[in-house]
2 protein chains.
Amino acid sequence: MKLSSPVASDHRLPRYQRLHDEFSARIAGRQWKPDEPIPTEAELAATFSVSIGTVRKAIDALVAAGRLERLQGSGTFVRRPKFGSSLFRFFRFEGREGEKLVPESRILKREVIEAPQAVAAALGVAVGSPCIHLNRLRLIDRQPLLLESIWLQKSRFNALLEIDPREFGDLLYPLYEQYCGQVIASARETLTAEAVGSRNARLLEIAPGSPVIVIERLALSFDGQPLEWRRSHGGADQFRYHVEIR
Amino acid sequence: MKLSSPVASDHRLPRYQRLHDEFSARIAGRQWKPDEPIPTEAELAATFSVSIGTVRKAIDALVAAGRLERLQGSGTFVRRPKFGSSLFRFFRFEGREGEKLVPESRILKREVIEAPQAVAAALGVAVGSPCIHLNRLRLIDRQPLLLESIWLQKSRFNALLEIDPREFGDLLYPLYEQYCGQVIASARETLTAEAVGSRNARLLEIAPGSPVIVIERLALSFDGQPLEWRRSHGGADQFRYHVEIR
DNA sequence: GAGTGGTCTAGACCACGGT
DNA sequence: CCGTGGTCTAGACCACTCA
């Protein structure tokens with residue numbers, strides 16, 4: 001089997017597993033780009049000298065993992081990460097009539113500051129290295145919902161300093177991509193709860209000491225490099241999280 | 001294809017899908033019992049007059065859903081529900097040395113009481129119908145960790161009233177199975193957070209008004225009947241929940 | 001060694017999407 | 001209509017478990 005990219009793949013592994021790793025690398029390496037079709041199953045089978053069934057099994061796993069999407073009759077496509085499973089979706093992101101919407105964003109602060117210890121550890125940089133720090137308030141129907149503290153490595157995101165924060169818009173990740181060439185591919189989130197401090201209580205317009213949900217997110221590039229770390233607070237009464245257990 | 005049990009299964013569906021439904025029904029109907037092997041793939045293929053590949057595809061889905069477990073060389077087994085994905089596992093269930101353990105259980109109250117509105121709705125019974133209500137405290141290293149309010153339909157769980165609560169042991173579900181013949185097969189959980197009331201604060205030995213995680217669980221039988229509803233409180237500082245997002 | 005699931009093949013035919 | 005993925009088959013051989 002010939003591999004177009006130098007993937008460390010043990011030849012004792014099953015073929016479908018090696019194919020899976022190869023395809024996965026092509027998605028990560030952006031040789032197969034989001035929203036574009038990958039080669040047909042028959043082409044892949046011929047390219048790698050395996051049967052179609054084996055190609056299908058490799059693709060099955062990537063579809064199950066949400067990295068590819070099959071469309072019968074038209075092809076198999078690289079799925080753009082949608083963060084559909086983020087914990088944030090369990091906040092009430094609805095307007096007055098219950099329709100889903102993107103919260104309005106207000107940048108409260110933008111500063112260049114030396115990375116404190118916790119941030120440095122999360123981003124994998126040295127303590128004290130220069131970072132961009134944003135404070136952002138997110139609102140639904142003019143009501144404060146979430147307060148976010150966002151940390152970025154200055155060297156990667158310098159371009160952000162040249163834009164007026166009032167023109168950031170409501171979503172940051174498209175901004176990162178457009179101005180800094182940094183694409184967020186995945187994230188890890190941690191949920192905790194605590195009593196809100198007086199400053200955050202004022203900004204969120206809730207009673208001091210009332211419970212808030214705290215979500216920490218480390219957002220990563222395609223190759224697993226930490227790009228952004230954020231810590232978000234939101235009133236606990238705006239949050240409900242569901243799971244099914246079998 | 002002959003079906004041993006009367007499953008409503010549209011014959012226009014793919015064969016593997018119909019097989020999946022049939023197998024699923026056999027697990028739910030306990031014709032295939034937990035920890036026992038199901039017939040071999042070859043036998044199933046012969047029984048249903050399909051090829052082994054089709055049987056495998058049906059089994060694949062049930063394995064992915066955690067209902068079956070394959071053991072190469074020995075067979076495919078019905079998996080006993082393990083509740084491994086419960087939100088409760090994100091509480092610190094460790095002893096002093098960090099080892100995982102089952103919390104000690106202390107039944108604080110057992111009463112027969114008419115179902116209040118919320119309980120009746122969850123259990124699918126009439127408001128005011130007789131229920132068994134338990135209050136239970138769960139402790140690690142003698143430290144209170146969780147406070148649980150548990151509701152059961154009296155008619156199904158009458159046998160519980162004949163046992164001394166001090167002999168309940170640390171786990172309820174085996175008790176339900178042994179004394180009442182009621183088997184918990186799945187559950188739905190909802191996580192919220194709130195400020196703790198004074199009574200619960202005293203029992204949990206935390207400051208009044210401090211944040212608590214609240215987990216509501218509706219536990220279901222194999223055929224989807226609600227059997228138990230519980231509402232659990234635990235100090236938020238004991239809780240951390242993680243997810244990966246793609 | 002007999003029997004289980006695990007991998008893989010090469011082909012057939014179907015259902016769907018676009019042209 | 002052609003090309004795509006979706007279903008299904010009948011077989012081969014491998015890897016593992018257990019007696």
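Every chain is numbered from 1 and lettered A, B, ... according to where its sequence line falls, protein lines coming before strand lines. Just so it is clear, the model here is predicted, and its values are computed rather than measured.
Within residues 34-43 of chain A, the residues approached by DNA chain D to less than 4.0 Å at the level of any non-hydrogen atom are A/Thr40, A/Glu41, in residue-number order.
What separates CD of B/Glu69 from P of C/dT4 is a distance of 18 Å, to the nearest Å. Taking atom CD1 of residue A/Ile59 and atom P of nucleotide D/dG5, one finds them 7 Å apart after rounding to whole Å. In this structure, A/Leu62 places its CG atom 14 Å from P of D/dG5, rounding to the nearest Å.
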Report task. Could you encode protein contacts along nucleotides 7-19 of chain C as a string, one character per nucleotide from 5' to 3', using B for base contact, S for sugar-phosphate-only contact and - for no contact, with a heavy-atom cut-off of under 4.0 Å? Result -> BSB-----BBS--
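Not counting sequence neighbours, A/Tyr16 has no partner by the ring pair (Phe, Tyr, Trp, His ring centres under 6.0 Å) test. B/Arg156 meets the salt bridge (charged side-chain N to carboxylate O under 4.0 Å, His left out) test with no other residue; sequence neighbours excluded. Not counting sequence neighbours, the partners of B/Glu216 by the salt bridge (charged side-chain N to carboxylate O under 4.0 Å, His left out) test are B/Arg231. With sequence neighbours left out, the side-chain contact (heavy atoms from CB on, under 4.5 Å) criterion links A/Ala65 to A/Arg67. Residues passing the side-chain contact (heavy atoms from CB on, under 4.5 Å) test with B/Ser74 are B/Leu71, B/Phe77, sequence neighbours excluded. For B/Tyr173, the ring pair (Phe, Tyr, Trp, His ring centres under 6.0 Å) partners at least two apart in sequence or on another chain are B/Phe83, B/Tyr176.
Considering only side-chain N and O atoms, B/Arg70 lies under 4.0 angstrom from the phosphate OP1 or OP2 of C/dG6.
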Donor-acceptor pairs under 3.5 angstrom involving side-chain atoms of residues 165-172 of chain A: please list them, not counting sequence neighbours.
| residue | atom | partner | partner atom | Å |
| --- | --- | --- | --- | --- |
| A/Arg166 | NE | A/Asp164 | OD1 | 3.3 |
| A/Arg166 | NE | A/Asp164 | OD2 | 3.3 |
| A/Arg166 | NH2 | A/Asp164 | OD2 | 2.7 |
| A/Asp170 | OD1 | A/Ser105 | N | 3.0 |

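Environment of CZ in A/Arg106: sparse, with no more than 12 heavy atoms of neighbouring residues, nucleotides or ligands closer than 6.0 Å.
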